[in-house]
There are 2 protein chains.
Amino acid sequence: MYPKINFTPGPSQLYFTVEDHARQAFKDGIPTISHRSKAFENISREATDGLRQLLKLPSTHHIYFTGSANEIWERSLQNLVGEHSFHFVNGSFSKRYFEIGQLLNKKPIKVEVAMGHGFTEYPNIGNETELIALTHNETSSGVTTSADFIHSAKEKYPNALIAVDAVSSLPYPDFDYSRIDTAFFSVQKGFGLPAGLGVWIVNEKCIAKADQLLSKGISIGSYHSIPSLHSHALKNQTPETPNVLGIYLLAKVVHDFLRRGIDAIRRETEYKAAILYNTLNAHPLLSAFVKEKEWQSKTVIVAECGEHTNKVIEFLMERGMQPGDGYGSAKKTQLRFANFPTHSKEQYELLVDSLEKFTG
Amino acid sequence: MYPKINFTPGPSQLYFTVEDHARQAFKDGIPTISHRSKAFENISREATDGLRQLLKLPSTHHIYFTGSANEIWERSLQNLVGEHSFHFVNGSFSKRYFEIGQLLNKKPIKVEVAMGHGFTEYPNIGNETELIALTHNETSSGVTTSADFIHSAKEKYPNALIAVDAVSSLPYPDFDYSRIDTAFFSVQKGFGLPAGLGVWIVNEKCIAKADQLLSKGISIGSYHSIPSLHSHALKNQTPETPNVLGIYLLAKVVHDFLRRGIDAIRRETEYKAAILYNTLNAHPLLSAFVKEKEWQSKTVIVAECGEHTNKVIEFLMERGMQPGDGYGSAKKTQLRFANFPTHSKEQYELLVDSLEKFTG
């Protein structure tokens with residue numbers, strides 16, 4: 001029913017261990033355990049301790065679970081912004097984060113560049129800005145905002161919280177979390193897991209900010225406000241009955257990643273990205289949509305295929321590979337290739353070999 | 001690792017078909033399909049069409065998916081109440097629904113009765129009330145608010161929306177949805193599924209109310225506002241990447257329920273409840289916590305066990321059965337028994353046979 005290799009950027013193909021972990025979960029009765037039991041607390045702790053180690057999170061940073069990263073867009077603005085957030089918009093998803101601020105009746109401001117472009121310098125912005133929203137990897141356009149650039153935000157805007165959407169890039173980026181106040185991702189991308197779980201990293205400054213808004217009488221939501229998430233996280237619990245199976249599978253895959261080693265995962269990600277960009281650069285019919293090398297995402301690579309798009313899809317599908325469609329209006333002219341830990345070197349080598357053979 | 005029979009009221013034991021359905025899902029690549037694909041739309045339609053048939057929903061009512069029923073407490077008040085909701089509180093969960101109104105800076109009002117008690121008449125309330133919140137089954141106390149009582153709310157309060165928390169009772173109650181504007185449940189209770197999915201039933205009046213609040217400049221949230229959920233539901237999609245596996249499993253179990261027949265499920269539920277209440281009534285050491293027959297829940301049955309509580313737990317665990325703890329401060333003196341479609345007649349017969357043999 002489905003192709004062997006799935007390059008769509010999310011939900012992407014499952015990490016190869018997930019099916020076995022799920023079988024074990026059912027065997028051990030995981031989907032039926034109480035979210036108030038020791039057994040659940042142990043699973044939750046295994047997931048967060050593992051993530052802490054994998055991402056090298058300092059002890060100032062905490063980990064909460066939500067239903068999706070989409071939810072974290074909303075919760076982060078609801079909990080961390082009284083009125084003024086500032087958004088770096090370079091595609092459909094960073095724009096959506098900005099629009100959610102509007103829907104929450106905040107007063108978000110944005111700086112926006114064209115699709116395929118990124119950011120090279122920080123503008124001067126108002127002192128009232130409470131939160132700076134940066135998207136490490138724009139899933140719609142395949143543009144990255146480099147970790148170095150993100151790290152320098154803290155010096156430029158010392159009074160604002162720095163929020164990083166890393167939905168389709170973690171665990172690849174090697175962030176210095178002492179310069180990031182909050183970051184988030186969803187598990188169906190870089191972690192190769194079934195969708196239905198968002199992971200929210202939040203530091204002490206964020207907790208203080210949420211408390212401050214609450215003390216001013218501003219609503220920060222209910223069960224998924226930062227204070228509610230935090231008080232439960234301290235007990236390795238969640239306010240609501242969560243996606244227990246999802247948290248269990250995350251714990252197991254994070255453990256698999258730790259065994260493989262984050263450095264090896266990062267090296268392989270860079271190798272796979274390099275061979276695909278090289279192939280696109282040398283190709284007579286295809287090219288990389290993002291031209292500037294420093295903006296080229298390592299984890300979602302967008303190919304400009306123009307009139308050949310449908311033929312490339314057919315050509316790859318015949319070989320058992322499913323590319324991701326271009327996003328929105330680029331559906332007919334671009335293809336997106338996820339480059340996640342689940343995609344092996346061999347799968348990427350097969351992909352570039354096939355693309356090299358594509359002659360229209 | 002886990003007892004054969006799990007009577008905790010949620011997450012409760014899985015419906016016996018779930019493990020096989022999950023295995024098939026992984027085999028067919030369901031956790032990796034795009035939530036914007038035809039394949040997902042077909043799964044989503046299968047789930048909602050099946051629920052529509054199972055619950056006999058009229059065409060005025062729509063079905064949305066959220067992360068949890070906890071989320072629906074929040075979303076329903078955010079989307080359907082400008083200021084004034086009125087809550088019938090008879091336990092910890094109906095009280096939580098009321099408190100969420102406070103956290104959202106609304107002005108909720110409640111009428112409250114003691115634990116173990118229910119409602120027999122409707123009070124006169126202010127004309128400004130926009131929503132009446134009723135809890136069909138109080139999971140904390142085992143008190144039911146009968147379908148008949150719920151149905152009469154519409155006549156008493158013709159100008160308010162009638163909202164029914166049916167978290168731990170559906171699909172058992174035979175509601176007349178023409179008298180209910182919104183209802184909701186979570187899948188890990190009556191449907192015997194892994195947790196991580198809430199199901200929200202919403203009629204046209206609710207959609208109009210959310211639009212009206214929005215036009216007044218009141219924030220009704222973002223991706224999970226009713227207009228956003230609705231426009232996606234019309235395409236059998238969701239605003240965010242949802243718990244695709246959860247929706248798939250729901251579709252399959254609803255199909256299993258349809259084959260078994262909702263009338264048979266309801267009859268069996270009543271039979272199982274009757275034998276357990278009979279056993280508790282006749283028992284020298286145990287009794288039903290809820291004394292009034294009309295308030296006795298059919299789906300979560302609370303036993304007053306007093307000083308024998310720990311011994312009853314031990315006694316049942318030795319026989320492969322796990323009772324649910326009493327809720328909150330009743331943990332040391334009560335036990336709760338879920339009576340969901342996943343609990344077979346034979347399992348309930350074993351339970352009552354065992355309780356009858358319990359002599360302290």
Side-chain angles (χ1 to χ4, degrees), chain A residues 1-3 6 8 10-14 18-19 22-23 26-36 39 66-71 73-74 77 96 99-100 102-105 186 188 193-198 217-225 228 239-246 324-325, chain B residues 1-3 6 8 10-14 18-19 22-23 26-36 39 66-71 73-74 77-78 96 99-100 102-105 186 188 193-197 217-225 228 239-246 324-325:
Chain A
M1 176 180 167
Y2 65 107
N6 183 356
T8 58
S12 194
Q13 94 188 356
L14 294 182
V18 172
E19 191 169 345
R23 195 174 299 122
F26 278 96
K27 207 171 146 192
D28 291 345
I30 302 298
T32 188
I33 63 171
S34 165
H35 59 298
R36 298 287 174 242
T66 69
S68 63
N70 218 311
E71 181 179 356
W73 280 337
E74 182 179 295
L77 298 179
R96 183 72 189 148
E99 288 166 347
I100 286 176
Q102 296 179 309
L103 289 168
L104 298 180
N105 286 349
S186 48
Q188 75 274 13
L193 287 160
L197 190 67
I218 296 171
S219 175
I220 55 173
S222 62
Y223 73 114
H224 272 183
S225 70
S228 171
E240 84 291 17
T241 315
N243 183 345
V244 176
L245 180 60
D325 285 332
Chain B
M1 174 180 169
Y2 64 109
N6 183 356
T8 57
S12 194
Q13 95 188 356
L14 294 182
V18 171
E19 191 169 343
R23 193 175 300 122
F26 277 96
K27 208 171 146 193
D28 290 344
I30 302 298
T32 188
I33 62 170
S34 164
H35 59 298
R36 299 285 175 244
T66 69
S68 62
N70 219 311
E71 181 180 355
W73 280 338
E74 183 179 293
L77 298 179
Q78 188 179 40
R96 183 72 189 146
E99 289 166 348
I100 285 176
Q102 296 179 310
L103 290 168
L104 297 182
N105 286 349
S186 48
Q188 76 275 12
L193 287 161
L197 189 67
I218 296 170
S219 175
I220 55 173
S222 62
Y223 72 114
H224 272 182
S225 69
S228 172
E240 84 291 15
T241 314
N243 183 344
V244 176
L245 180 60
D325 286 332

For this session: Determine, stepwise, if the pair B:Lys27 / B:Arg23 fulfils side chain to side chain contact (heavy atoms under 4.5 Å, CB included).
Result: CA-CA 6 Å; B:Lys27 208 171 146 193; B:Arg23 193 175 300 122; 5.9 Å; no

For this session: I would like to know whether B:Leu245 and B:Phe26 meet side chain to side chain contact (heavy atoms under 4.5 Å, CB included); could you show each step before the answer?
Result: CA-CA 9 Å; B:Leu245 180 60; B:Phe26 277 96; 4.2 Å; yes

Could you tell me which of [options] has the largest number of non-hydrogen atom pairs under 4.5 Å with chain B?
| options | result |
| --- | --- |
| A:Val18, A:Ile220, A:Leu193, A:Leu103 | A:Leu103 |
| A:Gly196, A:Gly198, A:Ser219, A:Gly67 | A:Ser219 |
| A:Thr66, A:Leu104, A:Asp325, A:Val244 | A:Leu104 |

Exercise. Between CD of A:Glu240 and NE2 of A:His35, what distance do you get to the nearest 0.5 Å?
Worked result: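 Here the rounded value is 8.0 Å.
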
Contacting moiety of [X], where chain A heavy atoms sit under 4.5 Å:
| X | result |
| --- | --- |
| B:Arg36 | neither |
| B:Thr241 | both |
| B:Ile218 | backbone |
| B:Gln102 | neither |
| B:Gln13 | both |

Seminar exercise, completed: Assert top hit (heavy-atom pairs under 4.5 Å, partner chain A, pool B:Ser12, B:Ala195, B:Gly246, B:Ala69) equals B:Ala195

Exercise. Are the side chain of B:Thr8 and the backbone N or O of B:Pro11 linked by a donor-acceptor pair below 3.5 Å?
Worked result: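 Judged by distance alone, yes, a pair lies under 3.5 Å.
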
For this session: Give the intermediate values and the outcome of side chain to side chain contact (heavy atoms under 4.5 Å, CB included) for residues B:Ile100 and B:Asn70.
Result: CA-CA 10 Å; B:Ile100 285 176; B:Asn70 219 311; 4.1 Å; yes

For this session: Ignoring hydrogens and angles, state whether a donor on the side chain of B:His224 or A:Glu71 is under 3.5 Å from an acceptor on the partner side chain.
Result: no

Exercise. Is any side-chain heavy atom of A:Pro31 less than 4.5 Å from a side-chain heavy atom of B:Leu14?
Worked result: yes

